[in-house]
Amino acid sequence: MSAVLEIDDVSKRFRSGGLLSARTVEAVKNVSFTLEADRPEVFAIVGQSGSGKSTLANMILGSEMPSAGRIRVHGEDITDARSARQRIDFMRRVQPIFQNPFEAFNPLTRIDSYLFSTARRFRDATGAKAQEALADEALQLVGLTIEEVRGRYSHELSGGQLQRIAVARALIPQPDLIVADEPVSMVDASLRMSIVNLFKDLRDRLGVTIVYITHDLATAYYIADRLIIMKSGEIVEQGPAKAVLDDPQHPYSRALRDAILPPDPRRAHEIIAG
């Protein structure tokens, strides 16, 4: 059984402070998990601010290198130095979706130009018609069309529309893995359900594995197949999402669950929808 992603005993240390007061902060400590290629899933990494979840996401995306351990995508070790061509090949397979859709797009750049440049860079679409066709195909997967975004700028669209466009942009390269870092935290409560349902649909229709980074246990309970809960850089609990959150064993997991989820966690969709 091949793995789309292997995190093997990964740690990340940062140096902080001045020359005389320098200290080492271990943001991620000995994290391991595997996502199988033949079992697409939504895999949630849950934790509060400072838990190390975003640092881990950055290492999966290759924007941070681990201090120890190995990260493999389809068996290829991405912790080693890579050429520009290898980086492009990696980005075809692994795509990010970031927290703030308003920061993902330059307000002076037309939204459709982002989609066209992604089609050109990752799908070798050299003509305008080919780029537009790929952009429209991806937009339709998230409930939009090219006509709805053609020639428009980010300030002309809602946060929910922009986040859907960010998802469409990530889908154009036809990735195996999407890393979504707090993708609904900046979206209005009334739109969160549509975004999280979209992730479930992409898993089922396209077979895309989604690493879902969040502090929100309600959305993790609702959409995740499996999860890990992180505290101070370490995994304190892991397993099937509903089993873990229905009956958490670690005190930190219980505290998170009791602070956020209702007494019956199966009502999590009510919290997501506001």
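When a residue number appears, it is its place in the shown sequence, counting from 1. Computed from a predicted model, the values in this text were never measured in an experiment.
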Charged N-O contact under 4.0 Å between Glu147 and Arg150: yes
Side chain Arg120, main chain Thr126, donor-acceptor under 3.5 Å: no
same_hphob_cluster(Phe14, Met59) at 4.5 Å side-chain heavy-atom cutoff: no
side-chain contact (heavy atoms from CB on, under 4.5 Å) assessment of Ile111 paired with Ser154: CA-CA 6 Å; Ile111 290 294; Ser154 58; 4.2 Å; yes
Trace of the side-chain contact (heavy atoms from CB on, under 4.5 Å) decision for Phe116 with Ile146: CA-CA 11 Å; Phe116 300 153; Ile146 192 65; 4.0 Å; yes
Side-chain donor/acceptor of Asp201 to backbone N/O of Asn197, under 3.5 Å: no
Heavy-atom check, side chain of Ile60 versus side chain of Leu177, under 4.5 Å: yes
Closest contact, heavy atoms only, Ala135 versus Leu115: CB-CB, 3.8 Å
Hydrophobic cluster identity match, Leu134 and Val208, side-chain contacts under 4.5 Å: no
Ring geometry between Tyr252 and His250 (parallel below 30°, tilted from 30 to 60°, perpendicular above 60°): perpendicular
Minimum heavy-atom distance between Ser253 and Val236, given as atom pair plus value: OG-CG2, 4.1 Å
Check: Asp246 main-chain N/O paired with Arg257 side-chain donor or acceptor under 3.5 Å: yes
Short side-chain to backbone donor-acceptor contact, Asp112 and Gly151, under 3.5 Å: yes
Between Thr24 and Arg13, a side-chain donor and acceptor under 3.5 Å: no
Inter-residue atom distance Thr209.OG1 - Leu35.CG, 0.5 Å rounding: 6.0 Å
Nearest heavy-atom neighbours spanning Arg203 and Val42: CD-N, 3.9 Å
Test: Glu64 and Lys12 ion pair at under 4.0 Å: yes
Test item: Lys53 side-chain N/O and Ile45 main-chain N/O as donor-acceptor pair under 3.5 Å: no
Residues Ile78, Arg72; criterion side-chain contact (heavy atoms from CB on, under 4.5 Å); working and verdict: CA-CA 6 Å; Ile78 68 166; Arg72 301 179 186 90; over 6 Å; no
Modelled atom types, side-chain donor and acceptor of Ser51 and Gln48, under 3.5 Å: no
Under 3.5 Å: donor-acceptor pair, side chain of Thr118, backbone of Arg169: no
Donor-acceptor pair between Ser54 and Asp181 side chains, under 3.5 angstrom: yes
Spatial distance of atom CD (Glu237) from atom CG (Leu256) [nearest 0.5 Å]: 10.0 Å
Contact summary for Pro101 and Gln163, nearest pair of heavy atoms: CB-N, 3.8 Å
Over 12 non-hydrogen atoms of neighbours within 6.0 angstrom of NZ in Lys231: no
Heavy-atom donor-acceptor pair, Glu182 side chain to Tyr212 backbone, under 3.5 Å: no
Matching residue for Asp89 among Gln86, Arg92, Arg87 - test: side chain to side chain donor-acceptor pair (under 3.5 Å): Arg92
Non-neighbouring partners of Phe199 that pass ring pair (Phe, Tyr, Trp, His ring centres under 6.0 Å), sequence neighbours left out: none
CD-CG distance between Gln161 and Leu139, expressed to the nearest 0.5 angstrom: 11.0 Å
Non-hydrogen side-chain atoms of Ile165 and Tyr114 separated by less than 4.5 Å: no
Any side-chain heavy-atom pair of Ile97 and Val179 under 4.5 Å: no
Rounded distance [0.5 Å steps], NE2 in His155 versus CG in Leu108: 9.5 Å
Ionic contact status for Asp8 with Arg70, cut-off 4.0 Å: no
Side chain Asp136, main chain Thr145, donor-acceptor under 3.5 Å: no
Cluster check Met65, Phe90: I/L/V/M/F/W/Y, side chain < 4.5 angstrom: no
Heavy-atom check, side chain of Arg121 versus side chain of Met91, under 4.5 Å: yes
Donor + acceptor pair across side chains of Asp77, Thr79 (<3.5 Å): yes
Within one Ile-Leu-Val-Met-Phe-Trp-Tyr cluster: Leu206 and Ile172, side-chain cutoff 4.5 Å: yes
Side-chain touch Pro66/Ile71, heavy atoms, less than 4.5 angstrom: yes
Evaluation steps, side-chain contact (heavy atoms from CB on, under 4.5 Å), between Phe105 and Leu162: CA-CA 9 Å; Phe105 302 102; Leu162 287 175; 4.0 Å; yes
Pair Glu6, Thr34: side-chain N/O donor-acceptor within cut-off below 3.5 Å: no
Min side-chain heavy-atom separation Arg226-Arg39 under 4.5 Å: yes
Passing option when Val31 is tested against Gln238, Glu234, Met230 for side chain to side chain contact (heavy atoms under 4.5 Å, CB included): Met230
Closest non-hydrogen atom pair between Ala37 and His74, with its separation: CB-CE1, 4.1 Å
Leu198 CG to Met193 CE distance, which is reported to the nearest 0.5 Å: 13.5 Å
For the student: nearest non-hydrogen atoms of Gln99 and Ser185, plus distance: NE2-OG, 2.9 Å
Beyond-backbone contact of Val28 with Ser11, side-chain heavy atoms, under 4.5 angstrom: no
Main-chain N/O of Glu156 paired to Arg152 side chain as donor or acceptor, under 3.5 Å: yes
same_hphob_cluster(Leu56, Val211) at 4.5 Å side-chain heavy-atom cutoff: yes
4.5 Å side-chain heavy-atom contact, Ile210 and Phe43: no
From CG (Asp9) to CD1 (Ile7), nearest 0.5 Å: 11.0 Å
Ring-face cation contact, Tyr222 with Lys200, 6.0 Å cut, 45° max: yes
